[in-house]
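Throughout, protein chains are lettered first and strands after them, A, B, ... in sequence-line order, and every chain is numbered starting at 1.
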Number of protein chains: 2
Amino acid sequence: MSVTIKDIARIAGVSHTTVLKALHNKPKISPQLREKILQIAKENNYTLNTNASNLALKTTNVIGIVVTDISIPLFAEMVRMVERVADRYGYRVVVSSSDYDPDREMEAICRLHQMRVAGIIIAPTYEETEFVDYLKNTDIPFLVLGRLEGMDIDYITFDDFSATYKATVHLISQGHTRIALAIHGDKDIYPYRYWLEGYQSALSEYGIPYDEELILTCKVTPADGYETAGRVLKLEQEPTALISCSDMVVPGMLRKFYEEGKRIPQDLSLSVIQDELAFEYYIPKVTAVRYPNEKLGRLSAEFLFRKIQEEQEEQQKDQEEHQKDQEEHREQEDQEEQGQQARREQEPGIIRELLEVELIERESTGKAAART
Amino acid sequence: MSVTIKDIARIAGVSHTTVLKALHNKPKISPQLREKILQIAKENNYTLNTNASNLALKTTNVIGIVVTDISIPLFAEMVRMVERVADRYGYRVVVSSSDYDPDREMEAICRLHQMRVAGIIIAPTYEETEFVDYLKNTDIPFLVLGRLEGMDIDYITFDDFSATYKATVHLISQGHTRIALAIHGDKDIYPYRYWLEGYQSALSEYGIPYDEELILTCKVTPADGYETAGRVLKLEQEPTALISCSDMVVPGMLRKFYEEGKRIPQDLSLSVIQDELAFEYYIPKVTAVRYPNEKLGRLSAEFLFRKIQEEQEEQQKDQEEHQKDQEEHREQEDQEEQGQQARREQEPGIIRELLEVELIERESTGKAAART
DNA sequence: ATGAAAGCGCTAACAA
DNA sequence: TTGTTAGCGCTTTCAT
């Protein structure tokens with residue numbers, strides 16, 4: 001049985017309010033009493049029950065973060081930064097992985113809603129919007145880690161378009177015209193569209209025809225990288241360059257090329273989207289587009305807390321209005337709430353940030369070899 | 001302003017108790033009413049407030065997990081599995097990184113205590129025991145991911161001793177006698193002791209003298225791996241084999257050896273503790289000791305929930321006793337509690353599990369070259 | 001089948 | 001400076 005504030009009050013022979021003042025370091029209490037109470041609390045291993053206080057305060061000090069898979073380095077690093085920032089604000093973070101399943105995503109969000117979390121950061125699997133509608137009808141501030149445009153919501157994400165665009169332009173500038181793109185299978189899974197568009201834009205800008213043959217499906221495992229590399233080599237017209245949209249697959253690719261006697265970059269240039277795995281130590285050092293993972297974590301948390309504060313201020317205002325209303329006409333609450341709802345919906349999202357990504361040229365890309 | 005059960009009750013024209021029955025799918029309610037209420041709840045975007053219900057139930061549906069750094073793949077994978085299991089049990093998980101700071105570790109635990117989490121999994125930084133004492137005086141079930149022996153607490157972890165032992169024996173069996181060990185700097189940071197002991201045991205078992213020169217401090221970054229590899233080569237009597245206690249540093253090491261013209265394994269054998277980074281695709285494929293990360297996550301969560309259930313049952317019993325006591329003599333509560341406390345302390349921890357690790361021999365280790 | 005009422009551990013306004 | 005009281009939104013027991 002957990003010891004409560006009343007127990008402490010009883011032992012100290014004071015009221016529970018007094019205990020509270022001591023624990024909260026409130027001014028109106030004598031120092032000796034405070035000390036005594038603190039002492040008793042410590043002896044009895046007592047801490048305030050956040051649950052109860054949150055209930056009374058109608059808030060929580062936790063934020064939720066929903067990602068596809070927390071074991072992916074990108075998300076792991078993100079979560080870590082989010083946690084850091086949350087810590088500064090005195091918040092905890094609860095994580096949920098959706099495993100790329102929109103249903104689980106929705107479920108996670110519902111449960112966070114049930115917990116009445118103060119805010120949610122969500123990296124959606126698809127560009128679907130079910131959860132957006134749900135959250136919009138809620139007063140929970142949320143931030144999407146993905147480019148959900150035209151939906152009047154706040155988001156912050158990497159400039160995925162720019163990533164493949166830069167990688168492609170770089171290869172073109174080295175004389176490559178047949179550039180393969182290894183990308184995850186499901187066209188609906190988030191940055192697919194932008195990655196493909198960046199690649200296509202670069203091609204068309206330089207008058208290079210787009211060839212669907214060069215788009216290779218590659219799951220996010222080293223084993224699939226190995227297998228995909230094999231497919232690259234069997235392409236009818238073998239490409240002189242390859243862009244991989246995942247860093248995880250790179251060891252597999254490099255090995256396959258090595259086994260097949262393909263030299264990087266002499267025979268084939270390799271450029272990678274995302275720069276996670278110590279690429280600057282690889283042999284050869286791997287050219288990659290660096291994603292500012294930690295920055296995304298930090299910024300998204302900062303933005304979320306900004307929204308949380310705004311929301312809280314708004315609620316205070318609403319509450320004040322509400323009180324007045326109650327005094328005047330007690331019957332119209334429903335309408336009043338609808339009014340507020342409408343106001344919320346119209347508020348334009350202010351945060352629309354695309355974090356810049358950076359191409360880091362290393363050894364795995366080079367001049368296109370002459371081909372027959 | 002979040003909509004509450006009362007709002008729904010008001011709109012539906014019933015009591016809040018009735019709304020509850022509908023939402024909980026309790027039997028004693030007419031189907032039409034249930035439907036109507038569910039409908040209204042959905043329209044108003046209402047869900048039960050876990051906070052309030054937890055308060056009433058005196059439990060929470062969240063467990064805490066404290067790790068040193070959630071962005072480390074080992075922990076990221078662990079957390080993911082813990083989350084999976086928790087999900088099955090209907091629990092959320094809140095994560096805290098201690099950043100290798102015992103103070104932050106304690107702080108995290110205190111905050112989890114404040115949240116009245118149902119249980120805690122903690123991967124401690126050091127073998128210090130402050131948090132153990134704290135948690136023991138709490139009724140929160142907890143499980144330590146580290147080998148804290150002789151403390152009468154439950155733990156589950158990898159058999160770190162066995163990891164270096166196996167790696168060392170393997171190298172010895174290939175004729176190596178000068179085997180360097182690259183290990184993180186702080187002797188007090190958790191598995192240091194066991195890694196060192198495993199290494200030393202293997203050596204002494206085969207009558208190979210222990211040479212402190214061969215123990216190299218190496219932080220857990222590729223850059224430090226690069227630097228450490230350089231130191232290996234500058235050792236007075238150059239070793240013929242190297243065991244790295246971190247997988248993260250391996251790309252840095254391999255590059256340095258490559259740059260210095262050292263061939264692996266012909267000139268130097270390399271064996272790694274932990275098998276994370278697609279080593280089977282590296283060139284050469286890297287021999288490593290595989291840690292069952294996901295298994296640790298899964299098992300620890302399972303164990304924790306077992307403890308949570310036991311704790312809950314015990315609390316029920318206590319409560320019943322408590323009631324009886326109250327009827328008989330209302331004054332002796334304090335003493336009674338002390339009695340329970342004593343009983344708790346004596347309960348022996350039941351869980352003491354060391355997960356087996358597996359040496360996977362690949363290409364980076366081989367027969368020791370003859371040396372002058 | 002439905003509702004009233006007390007209580008979970010805290011907060012905050014108001015008394016004393 | 002200290003205590004009293006009425007909630008916060010839910011659960012549970014007991015009436016109706």
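- At a cut-off of 3.5 Å, with distance as the only test, a side-chain donor of B/S15 or B/T18 sits close to an acceptor on the other residue.
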Nucleotide N/O to protein N/O under 3.5 Å, stretch nucleotides 14-16 of chain C:
none

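- Outside the 6.0 Å centre-distance limit, the rings of B/Y126 and B/Y100 are not counted as a close aromatic pair.
- The nearest whole Å value for the distance from the NZ atom in B/K36 to the C1' atom in C/dA1 is 15 Å.
- Between A/T18 and D/dT2, a side-chain N or O to OP1/OP2 separation shorter than 4.0 Å is absent.
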Protein-nucleotides 8-11 of chain C N/O pairs under 3.5 Å:
{"unit_1": "C/dC8", "atom_1": "O2", "unit_2": "B/A56", "atom_2": "N", "d": "3.3"}
{"unit_1": "C/dG9", "atom_1": "N2", "unit_2": "A/A52", "atom_2": "O", "d": "3.4"}
{"unit_1": "C/dC10", "atom_1": "OP1", "unit_2": "A/Y46", "atom_2": "OH", "d": "2.4"}
{"unit_1": "C/dC10", "atom_1": "OP1", "unit_2": "A/N49", "atom_2": "N", "d": "3.1"}
{"unit_1": "C/dC10", "atom_1": "OP2", "unit_2": "A/I5", "atom_2": "N", "d": "2.7"}
{"unit_1": "C/dC10", "atom_1": "OP2", "unit_2": "A/Y46", "atom_2": "OH", "d": "3.3"}
{"unit_1": "C/dT11", "atom_1": "OP1", "unit_2": "A/H24", "atom_2": "NE2", "d": "3.0"}
{"unit_1": "C/dT11", "atom_1": "OP2", "unit_2": "A/H24", "atom_2": "NE2", "d": "3.3"}
{"unit_1": "C/dT11", "atom_1": "O4", "unit_2": "A/H16", "atom_2": "NE2", "d": "3.2"}

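- Within a 6.0 Å sphere centred on CD of A/E130, other residues, nucleotides and ligands contribute 12 heavy atoms or fewer.
- Partner of A/R111 under the side-chain hydrogen bond (donor to acceptor under 3.5 Å, both in side chains) criterion, out of B/T50, B/D87, B/N61: B/D87 alone.
- Comment: B/R298 does not engage B/E302 in a salt bridge, judged by the lack of any side-chain N to carboxylate O separation of less than 4.0 angstrom.
- No donor-acceptor contact under 3.5 angstrom links the side chains of B/E35 and B/Q39, judged on distance only.
- For the pair B/K26 NZ and C/dG3 C1', the computed distance is 15 Å after rounding to whole Å.
- For the residue pair A/S97 and B/E83, a side-chain donor N or O sits within less than 3.5 Å of a side-chain acceptor on the partner.
- Taken to the nearest 0.5 Å, the CD1 atom of B/I109 stands 8.5 Å off from the CZ atom of B/F142.
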